[in-house]
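What follows is one structure encoded as structure tokens, with my remarks underneath.
Fair warning: this is a prediction, and the values are worked out from it, not measured in the lab. We name chains A, B, ... by the order of the sequence lines, and we start the count at 1 in each one.
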Amino acid sequence: MEFKIASWNVNSIRARLSLVLEFLKERNPDVLCIQETKVEDKLFPKEEFEELGYKVAFKGEKRFNGIATISKHPITIEPLEFEGEKNQKRTLITKINGITIINLYFPNGQTPESEHFKYKIEFIYKLKDFLLKHYTNEKNLIILGDFNVAKEEIDVYDKDAMEGKIGFHPKEREALNELYEFGFVDLFRKFSKEKAFSWWDYRAGNFWKNIGLRIDYIWSTPELAQKCKECFIDRTYRKKKKPSDHAPVVAVFELEG
DNA sequence: ATGGTTGCCAAGCAA
């Protein structure tokens with residue numbers, strides 16, 4: 001069977017509801033992992049997704065952060081929670097079709113000098129420890145979401161302009177690559193060596209100038225990666241009216257059964 | 001790019 005999974009930082013699920021529903025109708029993914037829902041659980045618009053035949057799992061708070069995983073297939077919410085996010089709602093671990101899917105919204109970090117940055121670096125290293133403790137790369141595991149770090153030079157519009165800046169600071173890249181060493185495959189890079197971005201600042205028309213970063217990822221364990229037939233960034237939804245500043249990333253697998 | 005935009009929620013913070 002074909003299994004299509006997408007990741008999208010929507011920058012408020014309520015502000016983006018009609019665009020997200022449009023995406024679901026047009027692209028028809030089996031699973032969509034959403035970041036930055038920016039809504040507490042009692043106000044999450046779950047009925048709108050259920051009407052399209054999706055099941056919904058979400059974890060949010062007022063104003064900031066928040067993630068949601070929606071799926072056409074049954075969702076099991078893993079009792080295991082990641083402690084490294086402290087009390088912020090940034091991670092949601094589910095199992096769908098026998099695949100563990102970890103939906104992640106990494107801290108932004110603000111500036112390399114700030115306390116937020118320390119929290120970001122800690123978050124990444126603690127996440128690696130957490131994965132090593134509870135999972136192995138032999139299992140069917142996907143981690144995906146807004147990682148808020150560009151992994152390589154090719155993932156930024158201008159490596160000199162970005163040097164030492166938030167999202168491309170050596171300490172974040174080191175942490176991210178350390179996380180990658182768990183044994184993941186960056187599915188977008190499995191198919192493309194081209195420069196491509198998943199986020200463009202709202203300001204100064206950066207999208208139209210293609211000044212962006214690739215900070216949204218779908219990473220899977222190797223065996224699953226072999227079954228991945230396609231992975232791309234869907235820029236269509238960054239061009240629309242009232243877009244998120246991120247575009248969805250989509251991966252398509254061919255699974256047995 | 002030493003500016004610029006968006007969202008939440010009604011000022012200022014986070015991104």
Side-chain angles (χ1 to χ4, degrees), chain A residues 7-23 33-46 48 58-68 84-91 103-124 144-151 153 155-169 171-173 175-176 195 197-217 233 235-249:
Chain A
S7 173
W8 194 5
N9 177 324
V10 300
N11 185 19
S12 167
I13 189 60
R14 288 177 293 172
R16 219 65 61 208
L17 187 57
S18 62
L19 192 59
V20 174
L21 294 173
E22 193 179 321
F23 172 78
C33 292
I34 299 170
Q35 301 86 38
E36 270 204 281
T37 55
K38 290 186 170 179
V39 67
E40 56 194 312
D41 290 348
K42 63 177 180 187
L43 296 176
F44 190 95
K46 66 175 200 167
E48 285 85 343
F58 48 86
K59 200 164 98 179
E61 60 188 289
K62 248 185 189 165
R63 301 191 64 194
F64 310 121
N65 308 322
I67 58 275
E85 66 190 273
K86 314 230 166 119
N87 56 352
Q88 301 188 16
K89 309 299 185 200
R90 295 180 174 276
T91 65
N103 182 0
L104 297 166
Y105 174 48
F106 284 34
N108 168 283
Q110 238 166 47
T111 66
E113 299 77 32
S114 68
E115 286 300 313
H116 293 84
F117 188 75
K118 285 187 192 138
Y119 171 64
K120 180 181 196 174
I121 300 293
E122 256 182 46
F123 178 99
I124 302 172
L144 77 173
D146 176 2
F147 294 6
N148 261 318
V149 184
K151 194 173 176 301
E153 289 182 353
D155 298 317
V156 303
Y157 69 98
D158 181 335
K159 68 179 174 63
D160 298 321
M162 278 304 295
E163 186 59 43
K165 296 272 172 61
I166 198 68
F168 196 59
H169 190 281
K171 282 188 179 164
E172 315 170 50
R173 293 179 59 202
L176 190 72
K195 192 173 271 232
F197 310 131
S198 64
W199 170 86
W200 302 259
D201 199 306
Y202 280 124
R203 294 170 286 190
N206 276 6
F207 178 68
W208 306 105
K209 300 177 201 161
N210 203 26
I211 294 175
L213 307 174
R214 192 173 72 96
I215 54 179
D216 300 86
Y217 303 93
I233 299 165
R235 292 161 73 251
T236 315
Y237 296 88
R238 185 63 177 80
K239 295 175 185 168
K240 304 249 185 189
K241 282 220 166 71
K242 255 178 82 76
S244 167
D245 43 355
H246 296 252
V249 185

Provide the distance between the two P atoms, one in B/dC8 and one in B/dG4, to the nearest whole Å.
-> 23 Å

Mind checking what makes ring-ring contact (aromatic ring centres under 6.0 Å, His included) contact with A/Tyr217, not counting sequence neighbours?
-> A/Phe147, A/Trp219

For B/dA11 and B/dT6, measure between their C1' atoms and round to the nearest Å.
-> 16 Å

For nucleotides B/dG7 and B/dG3, find the distance between their P atoms and express it as a whole number of Å.
-> 24 Å

Sorted by chain and residue number, the side-chain contact (heavy atoms from CB on, under 4.5 Å) partners of A/Tyr157 (sequence neighbours excluded) come out as A/Ala161, A/Met162, A/Phe197, A/Ile211, A/Leu213

Taking salt bridge (charged side-chain N to carboxylate O under 4.0 Å, His left out) as the test, write out the residues that go with A/Lys165, two or more places apart.
-> none

Mapping A/His116 and A/Asp158 onto DNA chain B by nearest heavy atom, which one lands closer to the 5' end?
-> A/Asp158

Return the minimal non-hydrogen interatomic distance between A/Thr91 and A/Ile67, and the atom names on each side.
-> N-CD1, 3.3 Å

For DNA chain B, whose closest nucleotide is more 5', that of A/Arg63 or that of A/Gln88?
-> A/Arg63

With a 4.0 Å heavy-atom cut-off, tell me which residues in residues 105-114 of chain A come close to DNA chain B, sorted by residue number.
-> A/Tyr105, A/Asn108, A/Gln110

Test side chain to side chain donor-acceptor pair (under 3.5 Å) applied to A/Lys46 - qualifying residues, sequence neighbours left out | none

Output all residues satisfying salt bridge (charged side-chain N to carboxylate O under 4.0 Å, His left out) with A/Glu40, sequence neighbours left out; order by chain, then residue number.
-> none

Does any residue of residues 198-210 of chain A have a heavy atom under 4.0 Å from DNA chain B, and if so, which ones, in number order?
-> A/Tyr202, A/Arg203, A/Ala204, A/Asn206, A/Lys209

Could you measure between the two P atoms, the one in B/dT2 and the one in B/dG12, and give it in whole Å?
-> 26 Å

Taking only residues two or more places apart in sequence, or in another chain, which ones meet A/Asp41 in a salt bridge (charged side-chain N to carboxylate O under 4.0 Å, His left out)?
-> none

For B/dC9 versus B/dA15, give the span between their P atoms, rounded off to a whole number of Å.
-> 15 Å

Excluding sequence neighbours, so at least two apart, what forms salt bridge (charged side-chain N to carboxylate O under 4.0 Å, His left out) with A/Arg63?
-> none

Counting any heavy atom closer than 4.0 Å, what does A/Ile166 reach on the DNA or RNA strands: base, sugar-phosphate only, or nothing?
-> nothing

Applying side-chain contact (heavy atoms from CB on, under 4.5 Å) to A/Gln88 and not counting sequence neighbours gives A/Glu61, A/Asn65, A/Arg90, A/Tyr119

Note: A/Val149 and A/Leu176 closest approach over all heavy atoms is O-CD2, 3.8 Å

Provide the start and end nucleotides, 5' to 3', of the part of DNA chain B that has atoms under 4.0 Å from heavy atoms of chain A.
-> B/dA1 to B/dA15

Kindly write out the residues that satisfy side-chain contact (heavy atoms from CB on, under 4.5 Å) with A/Ala68, not counting sequence neighbours, or none if the list is empty.
-> A/Ile34, A/Thr37, A/Phe44, A/Phe58

